[in-house]
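For reference, the structure discussed in these notes is given below.
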Amino acid sequence: SNLIQEKLVIFVCSTSGQGDPPDNMKLFWRFILRKNLPVNSLSQLSYAMLGLGDSAYQKFNFVAKKLYKRLQQLGADNLLPVALADDQHDLGPDAVIYPWLDSLWKKVLNIYPLPPGREIISSSIRPPSRYTATFLDNTAPHPDLDNYRIGNHSNTAPGQSNPFYAKMTSNERVTSHDHFQDVRLIRFDISNSNISYSPGDVVVIMPQNSLETVTEFINHMKLQDDNFFHIQQQDLDIELPGMLPQPCSVQYLVQHYLDINSVPRRSFFELLSYFADNELEKEKLEEFCTAEGQEELYTYCNRVRRSILEVLQDFPHTSANIPFEFLFDLIPVLQPRSFSIASSQKMYPDEIHVLMAVVTYKTKMFKPRLGVCSTWLAGMSPGTTVPLWVKKGTIAFPTDPACPVVMVGPGTGCAPFRSFIQERTVAGTGGNTLYFGCRNKDNDYYCQDEWTALVDKGLLNLVTAFSRDQDDKIYVQHKILESKLMLWNILENGGWFYVAGNAKRMPDDVKDAVKQVIMDCGSKSEDEAEQYIHKLEQCRRYQAETWS
């Protein structure tokens, strides 16, 4: 409602789920899309729009595009064309953000010139750190952080600032031991947690860095793991991190807070260059910060997924000069990871199940790349606790038990469907069709016994695609075409259609197969089939949950 008084606003917005606004934007989104807002209500406003997206998803930067147009409809003046940053670009979002920023500041300085006697701070001047840090005397009493827990653990539902520490009750490998991919079905006990969830919801887990990389980082930076420090605000607009205890130990900071295993962005090298006094290192860092040096930065960093820790090890003279408080500016915060919940609370009232592939892959780097969260969870023994909370997912299932539902879930994409199938079958509800795909029947056929038991009871129609068990690769989209009459009858009789899994090609291939089914069985043209799917999407009878 204050937007009507603003003269200049810069919008930076991401897109979540299937073209949905992020959680912190939902109120504003509902407000700005209201049909009764006058057409000229924002005629006093100039604005610029930066979208943060990932082109592996079908609704790439949907929110930024829609908001950009909506502000135009309300009479606002756009300073620049909408900028659509893409995580899939070789250089990540930076490829769009940096040129956009250059253009933006030129425009802004035209509208608001600097007052006489003021000038832009030179880029050669190092910005101040966001916090100051004071180390405590080693003789002073220190808190025991081994059992430190974030939040106040009140009776409110757990969230990021107040996670529930759930006990892991089992950690089962569901792929054969000679299979290249390690996939886990992990169960957590959520008794007395105040957590409730529905099929399609997501569990969010706060991970830790591996002890190996934590020790490497602490040793390289010549820090003491058991040293304690306090941090204070430098800028009243930048709050202290609520996740950190005060005082905090170096060990806790590196293990729980700093994302030392992430691939650094260009801004990391810009700040790092201020600490370089070695000529060779300084020259290389400054080159990485230029437009001309971006190809070399990509080759050095992004292509091989080199981590922040490894970069610091490559620049020993520079990293030796980094003041401790600047670690908070250089290194991003370790982010929570989201997983589709793979269980139903009606079947397992005090449990949450996660079906998770352990991320590991090779690049030209000597050490294989490991997923921080999946490696940490896979190495855990039952009995240990994990901070977690639940949030609404992007897919919603029908509540009417008479609705037939088709689910396409290759690999770990079957996780949200396991939740929904359990929810329906525990009440004896049928009408469930699952297309499940994997490589081999004997190696990675997750939940096989569970599915076949439901088939025997007449509660599940199961269609499987084992892509490597024969010479020709057979995927779920091929099975959709093979069973086209069945699928067409379900769609024509009010059925709901879902797809979940990897966002690379599978969701598009599945959609193409569904389109072909509609053309073949419904005697429709390609345009008519696309319209048919569009109508299903509009009334949420065709939904996708994909990840890259």
**OP:** Check the pair Gln233, Ile238 against side-chain contact (heavy atoms from CB on, under 4.5 Å), reporting the backbone distance first and the verdict last.
**Re:** CA-CA 7 Å; Gln233 284 175 288; Ile238 302 175; 5.7 Å; no
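- Considering only residues two or more places apart in sequence or on other chains, Lys66 meets the side-chain contact (heavy atoms from CB on, under 4.5 Å) condition with Trp29, Leu33, Phe62.
- More than 12 non-hydrogen atoms from other residues, nucleotides or ligands lie less than 6.0 angstrom from CD of Gln5.
- Rounding to the nearest 0.5 Å gives a distance of 6.5 Å between CG of Leu71 and CG of Leu42.
- Between the side chain of Glu325 and the backbone N or O of Arg130, no donor-acceptor pair lies under 3.5 Å.
- A salt bridge links Arg306 to Asp314: one of the charged nitrogens lies within less than 4.0 Å of a carboxylate oxygen.
- Contact annotation: the side chain of Leu240 approaches that of Gln246 to within less than 4.5 Å [non-hydrogen atoms, C-beta and beyond].
- Between Phe420 and Tyr498, the angle of the ring planes lies from 30° to 60°, which puts this pair in the tilted group.
- Taking 4.0 Å as the cut-off between side-chain N and carboxylate O, Lys511 and Glu537 count as a salt-bridged pair.
- Contact of the Pro241 side chain with the Tyr131 side chain is registered, since non-hydrogen atoms from C-beta on lie closer than 4.5 Å.
- Between the side chain of Gln294 and the backbone N or O of Thr290, at least one donor-acceptor pair lies under 3.5 Å.
- Closest of all the heavy-atom pairs between Pro207 and Leu334 is O-CD2, 3.5 Å.
- Here the side chains of Leu109 and Leu114 are in contact, with some heavy-atom distance below 4.5 Å.
- Looking only at atom types and distance, the side chain of Gln88 has no donor-acceptor partner in the side chain of Ser55 under 3.5 Å away.
- Inter-residue side-chain proximity for Ile341 and Val390 is flagged as met; some heavy-atom pair is nearer than 4.5 Å.
- The local environment of CD in Gln538 is crowded, with over 12 non-hydrogen atoms from other residues, nucleotides or ligands closer than 6.0 Å.
- Residues meeting the salt bridge (Lys or Arg N to Asp or Glu O under 4.0 Å) test with Glu6, sequence neighbours left out: none.
- A pairwise comparison of heavy atoms in Ser262 and Pro332 identifies OG-CG, 3.8 Å as the closest pair.
- Atoms CZ and CD1, from Phe339 and Ile352 in turn, are 12.5 Å apart once rounded to the nearest 0.5 Å.
- Cation-pi geometry between Lys26 and Phe31 is not met at under 6.0 angstrom from the ring centre and within 45 degrees of the axis.
- Scanning both residues, Leu79 and Lys107, for their nearest heavy atoms gives O-CE, 3.2 Å.
- Taking the charged nitrogens against the carboxylate oxygens, Asp94 and Arg265 do have a contact shorter than 4.0 Å, which makes a salt bridge.
- In this structure, the separation between CG on Asp329 and OG on Ser129 is 5.5 Å, given to the nearest 0.5 Å.
- With contacts defined as side-chain heavy-atom distances shorter than 4.5 Å, the pair Phe497/Val408 qualifies.
- For Glu296 and Arg303, the salt-bridge test fails: no basic side-chain N is under 4.0 Å from an acidic carboxylate O.
- Checking side-chain atoms of Ser103 against main-chain N and O of Pro99 turns up a donor-acceptor pair under 3.5 Å.
- Considering every non-hydrogen atom in both Leu258 and Leu327, the closest pair reads CD2-O, 4.0 Å.
- Looking at Glu310 and Leu312, their side chains never come closer than 4.5 Å, going by heavy atoms from C-beta outward.
- Ser41 contributes no side-chain N or O that, together with a main-chain N or O of Leu37, makes up a donor-acceptor pair within less than 3.5 Å.
- Side-chain atoms of Val311 and Tyr300, non-hydrogen and from C-beta on, do get closer than 4.5 Å to each other.
- Of the charged side-chain nitrogens involved, at least one lies within less than 4.0 Å of a carboxylate oxygen, so that Lys392 and Asp201 count as a salt-bridged pair.
- For the residue pair Tyr47/Asp77, the side-chain donor-acceptor check at 3.5 Å is not satisfied.
- Of the possible donor and acceptor atoms, one in the side chain of Asn321 sits under 3.5 Å from a partner among the backbone N and O of Phe275.
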Subject >> Phe11 vs Tyr68, ring-ring contact (aromatic ring centres under 6.0 Å, His included): CA-CA, chis, key distance, verdict >> reply: CA-CA 9 Å; Phe11 293 90; Tyr68 182 79; over 10 Å; no
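- Taking the centre of each ring, Phe324 and Phe229 come in below the 6.0 Å mark.
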**OP:** Before giving the answer on side-chain contact (heavy atoms from CB on, under 4.5 Å), spell out for Leu101 and Leu50 the whole-Å C-alpha distance, their side-chain angles and the decisive distance to 0.1 Å.
**Re:** CA-CA 10 Å; Leu101 281 173; Leu50 171 63; over 6 Å; no
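- Residues forming a side-chain contact (heavy atoms from CB on, under 4.5 Å) with Ile125 (at least two apart in sequence, or on another chain): Ile121, Ser122.
- With hydrogens and angles left out, the side-chain atoms of Gln232 and Thr132 include a donor and acceptor closer than 3.5 Å.
- In terms of the side-chain contact (heavy atoms from CB on, under 4.5 Å) criterion, Pro116 has no residue partners (sequence neighbours excluded).
- With Asn40 contributing its side chain and Ser43 its backbone, the two residues share no donor-acceptor pair below 3.5 Å.
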Original post:
Could you walk me through whether Ser273 and Glu286 pass the side chain to side chain donor-acceptor pair (under 3.5 Å) check?
Top reply: CA-CA 6 Å; Ser273 67; Glu286 286 175 348; 5.3 Å; no
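- Rounding to the nearest 0.5 angstrom, the gap separating the CZ atom in Arg126 from the CD atom in Glu270 is 15.0 Å.
- The shortest heavy-atom contact between Leu253 and Cys248 is N-SG, 3.9 Å.
- The side chain to side chain contact (heavy atoms under 4.5 Å, CB included) test with Cys373 is passed by exactly one of Arg337, Met356, Gln208: Arg337.
- Under the ring pair (Phe, Tyr, Trp, His ring centres under 6.0 Å) criterion, no residue pair touches residues 95-123, with sequence neighbours excluded.
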**OP:** List the steps, then state whether side-chain contact (heavy atoms from CB on, under 4.5 Å) holds for Val12 with Leu52.
**Re:** CA-CA 7 Å; Val12 183; Leu52 302 175; 3.8 Å; yes
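- A donor-acceptor contact closer than 3.5 angstrom is absent between the side chains of His220 and Gln313.
- Lys284 and Glu287 are joined by a salt bridge, as a carboxylate oxygen and a charged side-chain nitrogen come within less than 4.0 angstrom of each other.
- Annotation: the span from Tyr257 atom OH to Leu244 atom CG amounts to 5.5 Å, rounded to 0.5 Å.
- With sequence neighbours left out, the side-chain contact (heavy atoms from CB on, under 4.5 Å) criterion links Asp102 to no other residue.
- Remark: Glu283 CD is loosely packed, at most 12 non-hydrogen atoms of other residues, nucleotides or ligands lying under 6.0 Å away.
- If you take CG on Leu45 and CG on Leu3, they are separated by 5.5 Å, rounding to the nearest 0.5 Å.
- Using a 4.5 Å heavy-atom cutoff, the side chains of Pro143 and Tyr148 are not in contact.
- Shortest non-hydrogen contact noted between Pro199 and Ser419 is CA-OG, 3.2 Å.
- Listed for the Arg266 side chain is no donor-acceptor partner under 3.5 Å among the backbone atoms of Phe288.
- Between the side chains of Asn302 and Asp90, no donor-acceptor pair is found at a separation under 3.5 Å.
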